Amino acid sequence: MSQNNTKKIHFALTKIEEGSPVAIPTETVYGLAASISHPLAIRQIFAIKGRPNNHPLIIHVDDLSMAKRYAFFSPLAEKIASYFWPGPLALILPKKDVVPFEVTGGLNTVGLRCPDHPLSRAIIKKHGSPLAAPSANPFGRISPTTAQHVLDDYNGSVPVVDGGPCPVGLESTILDLSTELPSIRRLGAITKEDLAPFIPQFGQSSTKTSGTHKAHYAPSTALLLSNNLEAERRTWLEKGCTVAVLNIADSTEYAQQLYSELRRLDQLGVDILIAAKPKNDAMGEAILDRLTRASYGSTNLYTEN
Ligand code: TXA
Ligand code: MG
């Protein structure tokens, strides 16, 4: 660990131990973190984000053995966590009593994941117990994938540990193992195909989680999705609108850059953003899910393309 990283870890721990939320990097997006044993800090997370307090938070652990102190792991859950952690997969499991209901929004289940990021894992390990961390964006807005995004979102009022750009760029896949049949509640970089060898039969995905609201991850500018960018662009230019285009062919790169690009394009002050529909592969499906939600309020603008 470089001296620089040691300082960052120390900074985060100071904030966490004094009960102030601090934004930390993970491989997916930046999270707004607080210790699960600091009820006031947990309440502040909801206040800072403007998030309804019945929306459960994911808790972040350093490894499987820490996770098992906070949730009941079936043999299947243990197998899946051992295989995919650290990584962009959150598991919903029955919670143990030590997890406060403030964290789970009153639910008897808890979402857990072990992030694949050296800074966040070192912070959790040194703290010795889990950190609750939702994505650090204001509720309903685009998740942050750089430290600067967090500074921009809160005018510098939220402390941030800078771990560089998030390598995955989309929030984790959420797998619900608390119901009879496992179900995917949110798509992400761990795909259904990745999980299929462990799960012979999936149940219906539920849409109750906050990141699964129809309108989410929204830029302020109207956003359209298109398979035919050039035609769509021309249509709008001819109507006298100003237009900006988002077009990244490779799905991994598209995911990495999606939120940064949506934020950048949103600042341009154009009338319409047009995003290329992603490739029809597993990561493309997760990107399309986010783009569809981000464009939800703009769908009345659709043309033929
Ligand atoms: O990649 C990620 O998961 C990021 C990074 C920071 O780890 N975190 C994240 O947290 O995306 P958040 O709170 O923005 O999204 C977590 C989602 C929410 O939609 C929440 O409702 C759902 O997980 N969730 C958490 N605990 C749950 C539970 N017990 N049952 C059902 N859904 C749950
Ligand atoms: Mg979120």
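Quick caveat, the model's predicted, so the values are computed rather than measured. Ligands are counted one by one from 1 in listed order, and the atoms in each one are counted from 1 as well.
For the residues Lys95, Arg51, Arg186, the heavy atom positioned nearest atom 13 (O) of ligand 1 is part of Arg51. Taking all heavy atoms of Pro25, Ser172, Ala189 into account, the minimum distance to atom 2 (C) of ligand 1 is reached by Ser172.
Judged purely by atom type and a 3.5 angstrom limit, Lys95 has no side-chain atom pairing as donor or acceptor with the backbone of Tyr70. Using modelled atom types, no side-chain atom of Arg51 and backbone atom of Ile45 make a donor-acceptor pair closer than 3.5 Å.
The contact set between ligand 1 and Val110, taken as ligand atoms under 4.0 Å from a residue heavy atom, comprises 29 (N). Which parts of ligand 1 touch Thr28 is read off a 4.0 Å heavy-atom cut-off, strictly below it: atoms 1 (O), 2 (C), 4 (C), 5 (C). In the vicinity of Ser135, heavy-atom distances shorter than 4.0 Å reach the ligand 1 atoms 8 (N), 9 (C), 10 (O), 12 (P), 14 (O). Close contacts between ligand 1 and Arg185 involve ligand atoms 31 (C) [criterion: under 4.0 Å to a heavy atom]. Of all atoms in ligand 1, numbered sequentially from 1 with element shown, those under 4.0 Å from a heavy atom of Thr109 are 28 (C), 29 (N), 30 (N). Atoms of ligand 1 found under 4.0 Å from any heavy atom of Glu171, numbered from 1 in the order shown, are 1 (O), 11 (O). In the vicinity of Ala133, heavy-atom distances shorter than 4.0 Å reach the ligand 1 atoms 6 (C), 8 (N), 10 (O). Close contacts of ligand 1 with Gly31, meaning ligand atoms under 4.0 Å from a residue heavy atom, involve 6 (C).
Counting heavy atoms under 4.0 Å from ligand 1, residue His117 does not touch it at all. Of the heavy atoms in His55, none comes closer than 4.0 Å to ligand 1. For Thr104, no heavy-atom contact with ligand 1 is shorter than 4.0 Å. With a 4.0 Å heavy-atom cut-off, ligand 1 is reached by the side chain of His60 but not by its N, CA, C or O. Of the heavy atoms in Ile92, only side-chain atoms (C-beta onward) come closer than 4.0 Å to ligand 1. If you look at Pro56 next to ligand 1, the close heavy atoms, those under 4.0 Å, come from the backbone and the side chain alike.
Checked by atom type, the side-chain pair Asp194/Thr191 shows a donor-acceptor distance below 3.5 Å.
Heavy atoms from other residues, nucleotides or ligands lying under 6.0 Å from CD of Gln44 number more than 12. By the 6.0 Å contact criterion, CD on Glu193 is enclosed, its count of non-hydrogen atoms from other residues, nucleotides or ligands being greater than 12. Remark: Tyr83 OH is loosely packed, at most 12 non-hydrogen atoms of other residues, nucleotides or ligands lying under 6.0 Å away.
By the 6.0 Å and 45° rule, Lys96 stacks over the aromatic ring of Phe72. Within the cation-pi definition used here (under 6.0 Å to the ring centroid, within 45° of the axis), Lys192 qualifies as a partner of Phe202.
In summary, Ser143 places no N/O/S atom under 2.8 Å from the Mg ion (ligand 2), failing the contact criterion.
At a 3.5 angstrom cut-off on N or O pairs, Thr26 does not count as close to ligand 1.
Considering every non-hydrogen atom in both Tyr254 and Ala275, the closest pair reads OH-CB, 3.7 Å.
The side-chain hydrogen bond (donor to acceptor under 3.5 Å, both in side chains) search around Glu78 returns Lys68, not counting sequence neighbours.
Salt bridge status for Lys126 with Glu17: absent, with no side-chain N to carboxylate O gap under 4.0 Å.
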